[in-house]
Amino acid sequence: MSGENLFCFCIPLIPRDRAENWQRALENLQATLQSALNQVDQNFVVYIASNDEITLPEVSNPKIIVCKVPFAHSAHEPANFYNVANDDAGAKRWFLYQKAYDENVGYVMGLDADDLVSNKLVQFARQQQHARGYVIRNGLVLDAGSGKCLPCPSKEIVVNSFDAFCGSSIIFKLDAKLRSSENWPFAILSAGHTKIPTLVAQMGIPLLDIEFPGVVYVLNTGTNISVHKSNEPERLKFMNHVISNIETNGQFLDAATLREYGLGS
């Protein structure tokens with residue numbers, strides 16, 4: 001399946017030999033896949049970059065393509081595990097974006113293997129047809145431990161924008177008429193999600209803001225790199241503060257919202 005107006009979710013999966021709980025990692029991925037498959041507009045594919053076999057029924061869906069990557073970081077956990085894990089995820093996203101470019105895919109979105117997406121996301125991107133892509137300015141943050149949720153940004157989660165907090169927040173437009181080295185996303189991917197919107201704006205055509213809550217950032221899953229392995233004390237402190245705020249002030253999602261993000265029937 002290919003096409004210049006096709007949407008592609010690109011999911012990097014942690015290697016099994018570095019996962020503290022592989023079964024839990026698969027369960028998180030399963031929820032993410034169910035959320036992606038829940039789209040109103042079905043003109044999309046899901047690429048998963050994995051070092052390992054994925055034993056989930058969802059991968060039999062023709063929309064889901066598991067790509068065995070030709071590289072892997074060591075299973076040993078060094079002092080800079082946080083950086084190694086982020087490097088692994090970044091390399092896998094790059095690998096999937098290149099595959100999407102080779103397949104003439106129009107829009108690509110990096111999606112962490114434990115986050116959830118609104119069922120309106122593909123429809124919005126394909127209808128708007130923005131030349132650069134999109135940035136998700138508002139989202140939800142869910143604490144997997146309590147099952148409660150808060151909007152982001154909010155008075156309890158004080159950040160400038162959702163994309164400054166969650167990496168699953170940027171949608172890129174690829175141009176099949178250009179070589180991959182000339183496509184703008186490949187030049188700035190390593191800058192990270194917090195800097196990409198500013199860099200794109202400096203290129204003359206800013207990303208289009210998505211104002212509705214396009215993503216649920218799921219914390220406290222047991223696999224979040226930022227929460228459990230961060231070597232940045234201030235970020236770790238802030239993440240734990242957010243989880244505490246959600247436990248205290250958060251609300252359970254209603255039935256309609258659960259359905260929107262693929263969590264309910």
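Tracing side-chain contacts under 4.5 Å through hydrophobic residues (I, L, V, M, F, W, Y), one never reaches Val40 starting from Ile171; they form parts of separate clusters. The hydrophobic clustering, which links ILVMFWY residues whose side-chain heavy atoms are closer than 4.5 Å, places Val141 and Phe212 together. There is a path of hydrophobic side-chain contacts, each under 4.5 Å, that joins Leu116 to Leu258. In the hydrophobic cluster analysis, where Ile, Leu, Val, Met, Phe, Trp and Tyr join through side-chain heavy atoms closer than 4.5 angstrom, Leu208 is grouped apart from Ile205. Leu199 is connected to Trp94 through a chain of hydrophobic side-chain contacts under 4.5 Å among Ile, Leu, Val, Met, Phe, Trp and Tyr, so both are in one cluster.
In this structure, a donor-acceptor pair under 3.5 Å is present between the side chains of Glu260 and Ser118. For the 3.5 Å distance criterion, the side chains of Asp115 and Ser168 qualify, holding a donor opposite an acceptor. Of the N and O atoms on the side chains of Glu156 and Asn249, not one donor lies less than 3.5 Å from an acceptor on the other residue. Judged by distance alone, the side chains of Asn51 and Lys92 do bring a donor and an acceptor atom under 3.5 Å apart. Between the side chains of Glu58 and Gln34, at least one donor N or O sits under 3.5 Å from an acceptor N or O.
Shortest non-hydrogen contact noted between Ala144 and Val218 is CB-CG1, 4.1 Å. Nearest heavy-atom pair across Ser169 and Phe162 is CB-CD2, 4.3 Å. Here the shortest heavy-atom pairing between Ala36 and Phe44 reads O-CZ, 3.3 Å. Ser154 and Pro151 get closest at one heavy-atom pair: OG-O, 2.9 Å.
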| task | Before giving the answer on side chain to side chain contact (heavy atoms under 4.5 Å, CB included), spell out for Phe95 and Cys67 the whole-Å C-alpha distance, their side-chain angles and the decisive distance to 0.1 Å. | result | CA-CA 9 Å; Phe95 175 81; Cys67 308; 3.8 Å; yes

| message | With side chain to side chain donor-acceptor pair (under 3.5 Å) as the criterion, how do Ser35 and Asn38 come out once you've worked through the C-alpha distance, each side chain's angles and the decisive distance to 0.1 Å? | response | CA-CA 5 Å; Ser35 178; Asn38 188 47; over 6 Å; no

| Residues Asn43, Gln123; criterion side chain to side chain donor-acceptor pair (under 3.5 Å); working and verdict | CA-CA 8 Å; Asn43 289 283; Gln123 181 182 60; over 6 Å; no

| task | For Ile136 and Asp163, run side chain to side chain contact (heavy atoms under 4.5 Å, CB included): C-alpha distance rounded to whole Å, both residues' side-chain angles, the deciding distance at 0.1 Å, then the answer. | result | CA-CA 6 Å; Ile136 297 172; Asp163 62 290; 5.8 Å; no

| query | After noting the C-alpha distance and the side-chain angles of Val135 and Asp209, does the key distance pass the side chain to side chain contact (heavy atoms under 4.5 Å, CB included) rule? | reply | CA-CA 5 Å; Val135 54; Asp209 292 357; 3.4 Å; yes

| message | What verdict does the side chain to side chain contact (heavy atoms under 4.5 Å, CB included) test give for Met109 and Val117, after you've listed the backbone C-alpha separation in whole Å, the side-chain angles of each residue and the deciding distance to 0.1 Å? | response | CA-CA 11 Å; Met109 177 184 180; Val117 292; 4.3 Å; yes

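Side-chain atoms of Arg126 come within 3.5 Å of backbone atoms of Asn5 as a donor-acceptor pair (strictly under, hydrogens ignored). Side chain of Thr248 to main chain of Ser244: a donor-acceptor pair is present (N/O by atom type, distance under 3.5 Å, no hydrogens or angles). Listed for the Tyr134 side chain is a donor-acceptor partner under 3.5 Å among the backbone atoms of His130. Judged purely by atom type and a 3.5 angstrom limit, Ser161 has no side-chain atom pairing as donor or acceptor with the backbone of Ala164.
Side-chain atoms of Phe165 and Met239, non-hydrogen and from C-beta on, do get closer than 4.5 Å to each other. Side-chain contact between Pro197 and Arg137 is present, with at least one heavy-atom pair separated by less than 4.5 Å. Contact of the Val215 side chain with the Leu140 side chain is not registered, since no non-hydrogen atoms from C-beta on lie closer than 4.5 Å. For the pair Ile243/Asn245, no side-chain contact is recorded, criterion being any heavy-atom separation below 4.5 Å from C-beta on. Leu33 has its side chain out of reach of Lys63: every pair of non-hydrogen atoms, C-beta onward, lies at least 4.5 Å apart. For the pair Ile11 and Leu29, the minimum side-chain heavy-atom distance is below 4.5 Å. A 4.5 Å side-chain heavy-atom check between Cys8 and Lys99 finds every atom pair outside the cut-off. Looking at Pro15 and Asp88, their side chains come closer than 4.5 Å, going by heavy atoms from C-beta outward.
For the atom pair Cys149 SG and Gln251 CD, the distance stands at 10.0 Å (nearest 0.5 Å). With rounding to the nearest 0.5 Å, the separation of NZ in Lys195 from CD in Gln202 is 11.5 Å. Within the model, atoms CD1 of Ile14 and OG of Ser50 stand 10.5 Å from one another, a figure rounded to the nearest 0.5 Å. Residue Lys155 holds its NZ atom at 8.5 Å from CG of Leu150, rounded to the nearest 0.5 Å. Summarising the geometry, atom OG1 belonging to Thr55 is positioned 6.5 Å from atom CD belonging to Gln23; distances are rounded to the nearest 0.5 Å. Rounded to the nearest 0.5 Å, atoms CZ (Arg132) and NZ (Lys173) are 11.0 Å apart.
Taking a cutoff of 4.0 Å between a charged side-chain nitrogen and a carboxylate oxygen, Arg93 and Asp112 qualify as a salt bridge. Ion pairing between Lys148 and Asp143 fails under the 4.0 Å rule for side-chain N and carboxylate O.
In summary, of the residues considered (Thr32, Asn119, Ile64), a side-chain contact (heavy atoms from CB on, under 4.5 Å) with Leu37 occurs for Ile64 alone.
Aromatic ring centres of Tyr47 and Tyr97: separated by at least 6.0 Å. Checked against the 6.0 Å centroid criterion, the rings of Phe7 and Phe124 do not qualify as a close aromatic pair. Between Phe172 and Tyr107, the distance from one ring center to the other does not fall under 6.0 angstrom.
For Glu211, the CD atom sits in a packed shell: over 12 heavy atoms of surrounding residues, nucleotides or ligands are nearer than 6.0 Å. More than 12 heavy atoms of other residues, nucleotides or ligands shown are found within 6.0 angstrom of CG on Asp254.
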